[in-house]
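All remarks here apply to the structure that follows.
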Number of protein chains: 4
Amino acid sequence: MEYESLRERVWRANLLLPGYKLVTFTWGNVSEVDRAAGVFAIKPSGVEYSDLRPEDIVVLDLAGHVMAGALNPSSDTETHLELYNAFPSIGGIVHTHSSHAVAWAQAGEDIPCCGTTQADYFYGPVPCAPHLTQAEIGEAYEKNTGRSIVETFLSRGLDPTHVPGVVCASHGPFTWGRDAAQAVYHAVVLEEVAKTALLTRQVCGEARPAPQRYLDKHFLRKHGPNAYYGQKARKGE
Amino acid sequence: MEYESLRERVWRANLLLPGYKLVTFTWGNVSEVDRAAGVFAIKPSGVEYSDLRPEDIVVLDLAGHVMAGALNPSSDTETHLELYNAFPSIGGIVHTHSSHAVAWAQAGEDIPCCGTTQADYFYGPVPCAPHLTQAEIGEAYEKNTGRSIVETFLSRGLDPTHVPGVVCASHGPFTWGRDAAQAVYHAVVLEEVAKTALLTRQVCGEARPAPQRYLDKHFLRKHGPNAYYGQKARKGE
Amino acid sequence: MEYESLRERVWRANLLLPGYKLVTFTWGNVSEVDRAAGVFAIKPSGVEYSDLRPEDIVVLDLAGHVMAGALNPSSDTETHLELYNAFPSIGGIVHTHSSHAVAWAQAGEDIPCCGTTQADYFYGPVPCAPHLTQAEIGEAYEKNTGRSIVETFLSRGLDPTHVPGVVCASHGPFTWGRDAAQAVYHAVVLEEVAKTALLTRQVCGEARPAPQRYLDKHFLRKHGPNAYYGQKARKGE
Amino acid sequence: MEYESLRERVWRANLLLPGYKLVTFTWGNVSEVDRAAGVFAIKPSGVEYSDLRPEDIVVLDLAGHVMAGALNPSSDTETHLELYNAFPSIGGIVHTHSSHAVAWAQAGEDIPCCGTTQADYFYGPVPCAPHLTQAEIGEAYEKNTGRSIVETFLSRGLDPTHVPGVVCASHGPFTWGRDAAQAVYHAVVLEEVAKTALLTRQVCGEARPAPQRYLDKHFLRKHGPNAYYGQKARKGE
């Protein structure tokens with residue numbers, strides 16, 4: 001099998017989604033890029049996770065041409081492609097319709113950073129990318145979904161390695177990481193913080209942001225040169 | 001066994017309901033119609049899913065006469081019958097008391113289409129069929145439950161293949177599809193969108209509808225002549 | 001083993017509570033009465049469900065004297081006893097701290113009958129029994145908890161076979177039935193309707209009661225001489 | 001293995017956290033102190049529960065020096081140490097990010113004692129320890145987290161054996177007990193009461209505290225010289 005190791009990693013990462021209860025039916029997909037080879041691998045469109053085999057994973061180059069695999073790639077492929085080309089620091093991407101992240105997407109609101117659970121992974125709010133216009137939808141819906149995410153990060157001056165995810169208005173979340181497995185990890189984190197931010201709002205009437213000093217402390221004790229969380233070999237997870 | 005294949009499909013589809021955690025005890029039922037044979041098969045009344053065998057499934061003709069099976073059919077049989085006769089495009093029907101769909105039914109509200117999760121399957125809100133009158137309940141409660149669903153679709157000009165479900169006020173959801181399995185699939189979708197619409201309302205104070213252009217894009221990329229979601233052989237699922 | 005069949009039934013019914021996820025740790029108990037023998041059997045106090053054996057079940061007479069069993073009976077035994085003596089029509093009792101029923105108890109509110117899910121089993125709201133006074137707590141807390149339930153039913157003219165449960169203010173639910181198994185069944189129903197009534201309130205700002213004609217129809221199609229739900233041998237479940 | 005029995009108990013207690021669904025990934029830790037030996041044992045930092053072995057558990061003395069174990073101790077070790085030194089009555093400590101307890105922490109509110117479920121274990125509200133200042137974070141974040149908990153208890157005159165837990169603002173819960181196993185037990189109780197207090201607020205617009213007489217009755221029937229809940233050998237669990 002061509003690109004065997006990449007496709008096996010992507011296959012395995014896709015199977016994590018139902019394991020973490022992040023997807024219903026086929027409503028999610030994972031990809032990973034091999035920057036050296038100039039290709040990325042992604043779940044095929046509309047295939048049940050229980051039927052998915054490594055050889056079903058589709059490989060495309062970074063211009064979007066299929067390099068290997070007999071099935072249609074995920075309908076969200078153009079969104080992944082746009083993100084890989086705009087964010088050179090990311091290595092894996094996940095899209096799901098996990099319930100609480102979808103709720104914030106459907107409300108069209110950023111998820112505020114209410115505490116250390118989020119601050120350990122997201123250095124601030126999870127941004128909400130705005131609705132596409134009719135022209136953007138008509139021209140290239142999936143590609144422009146990626147563009148709107150990229151523009152949200154550029155216009156707010158956000159570093160995608162410091163804020164490894166987004167919710168797209170009326171749609172749902174995308175997360176990313178250094179590889180497919182870490183992108184799935186961040187999808188789990190995003191769903192959990194979407195849930196606890198809503199619960200916080202239910203307790204006190206607002207999703208109360210944590211003081212900035214808590215974000216500084218928690219993000220930086222796990223990330224960057226002075227990180228001290230975890231074991232040496234595992235730092236940054 | 002008479003109607004063996006139909007009864008086995010209906011038996012199998014009924015067993016999906018506890019698998020998807022859509023039912024407590026016996027609170028749900030699935031049926032499927034064989035239009036060529038002029039019959040439909042449905043779960044018997046009040047039988048636990050764990051005890052259900054294919055030969056327990058009851059077969060009736062489209063006038064409501066029992067053709068096969070020794071048990072009483074579901075108490076909701078007349079509702080299914082009414083829907084099969086009024087909606088020639090549908091092939092399977094599901095009734096459940098799934099919690100979030102019941103909440104919208106009990107509130108007596110349509111479930112707004114807040115995002116692409118719903119728009120992939122429902123081309124707009126899930127309508128709420130109104131309460132029956134005392135006369136309608138007294139005359140034929142279950143049959144008139146079906147009538148009120150049909151009238152809701154007729155009076156709003158809705159196509160049941162574009163809006164494959166409904167919630168009945170103070171009661172709960174019915175969904176349908178081209179066969180029993182797809183009707184169950186839509187019951188899962190309906191419960192999930194009922195949940196995320198409520199979560200959306202909890203985030204921002206309303207169940208904020210998605211822009212119409214999102215409904216157009218998402219419903220039509222999965223359904224109709226220009227659909228491009230999924231693989232060729234699976235299109236429309 | 002004395003009272004072997006009664007203790008086995010009560011043991012089995014107690015084990016249903018963790019199976020239905022109605023209890024955390026030891027926070028629940030089930031009993032059943034044998035009216036002919038003038039005794040009832042109940043879970044011992046503070047024993048984990050995973051450790052519970054049939055011979056641990058304690059048997060008492062209807063004056064509250066232990067007849068069999070080496071362990072202390074549930075600390076709620078006096079409440080069960082009070083209910084068996086006041087309600088001759090009931091045969092089994094369950095107490096749990098299931099989350100949503102506890103929420104209504106802690107709010108001190110009746111659970112309104114919002115739809116047919118509740119009306120199939122409860123012919124109206126689930127009443128909330130009021131707080132005990134300091135004198136009632138000091139004199140005999142558990143016995144007076146039972147008294148307050150009985151007085152709630154008497155003062156409202158409620159038939160315990162039509163309303164098979166209650167929530168006690170700042171405490172939690174008790175349910176009952178013709179035997180221990182049916183009391184557990186009603187505990188599951190009560191938790192589910194407590195949940196959906198709250199969800200209904202979250203959708204529309206109130207826990208909107210269903211029209212009385214729906215209660216009449218649904219309760220009476222399952223109970224009483226004209227019931228037509230289920231199979232002949234199972235009627236009333 | 002040095003300190004074998006202590007490390008095995010702590011290892012086992014850590015594995016309870018995923019079993020009770022109190023943790024996602026590595027977001028939690030359990031420790032236990034051996035007062036006679038003057039040491040405590042704690043989970044290593046950032047190690048997955050599925051990979052954890054008894055010999056990975058780190059042992060430190062009560063000045064914070066590592067006595068046994070090759071891995072870095074939990075990043076929360078200084079918080080545990082501070083609590084063991086300030087509260088001589090406690091023998092085990094748990095930290096988690098369980099969702100509902102986190103919501104109250106993120107809201108910055110005490111969890112009111114709304115009913116007997118909480119009063120059986122917490123003799124009043126679960127206090128919320130305030131935010132640390134920038135100076136406290138900069139000097140010694142984890143140690144000062146412990147200090148802020150201790151000061152919260154001292155300034156309110158609370159006995160840590162009567163109130164076996166706390167939520168830290170914008171962070172999450174810590175619980176404790178006579179040993180690691182009871183600290184985990186209290187972590188389960190805290191998450192459940194955090195959930196039911198929020199549900200109570202959702203039912204009636206507030207998290208309505210139970211009357212003091214209910215707290216007195218329920219806490220004291222399980223704790224202290226006149227306790228009568230449970231069996232003799234199990235009293236106090």
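Chain letters run A, B, ... following the sequence lines, proteins first and then strands; every chain starts at 1.
- Ring centroids of B:Trp176 and B:Phe153 are separated by less than 6.0 Å, placing the two rings close together.
- Most heavy-atom pairs under 4.5 Å with chain B: of the set A:Cys168, A:Ser99, A:Ser74, this distinction falls to A:Ser99.
- A donor-acceptor contact under 3.5 angstrom links the side chains of A:Asp120 and A:His218, judged on distance only.
- With a 6.0 Å cutoff to the six-membered ring centre and a 45° limit on the axis angle, B:Lys222 does not count as a cation-pi contact of B:Tyr228.
- For B:Ala119, no part lies under 4.5 angstrom from a heavy atom of chain A.
- The side-chain heavy atoms of B:Asp56 and B:Arg53, taken from C-beta on, include a pair separated by under 4.5 Å.
- The six-membered or imidazole ring of B:His171 lies near that of B:His97, with a centre-to-centre distance under 6.0 Å.
- Aromatic pair A:Phe219/A:Phe122: ring centres not closer than 6.0 Å.
- Each of B:Leu6, B:Val58, B:Thr77 was checked for a side-chain contact (heavy atoms from CB on, under 4.5 Å) with B:Phe40, and the lone residue meeting it is B:Thr77.
- Interface remark: of the candidates B:Thr196, B:Val189, B:Leu198, B:Thr200, B:Thr200 forms the most heavy-atom pairs closer than 4.5 Å to chain A.
- Residue B:Gln202 touches chain A through both its backbone and its side chain, counting heavy-atom pairs closer than 4.5 Å.
- Taking the six-membered ring where the residue is Trp, the centroids of B:Tyr20 and A:Phe25 are separated by under 6.0 Å.
- Of the two parts of A:Ala169, only the backbone, made up of N, CA, C and O, holds a non-hydrogen atom closer than 4.5 Å to a non-hydrogen atom of chain B.
- For residues 135-144 of chain A, heavy-atom neighbours of chain B at less than 4.5 Å comprise A:Ile137, A:Tyr141, A:Glu142, sorted by residue number.
- Of the two parts of B:Arg221, only the side chain, counted from C-beta on, holds a non-hydrogen atom closer than 4.5 Å to a non-hydrogen atom of chain A.
- Using a 4.5 Å cut-off on side-chain heavy atoms (C-beta onward), A:Leu190 and A:Val126 make contact.
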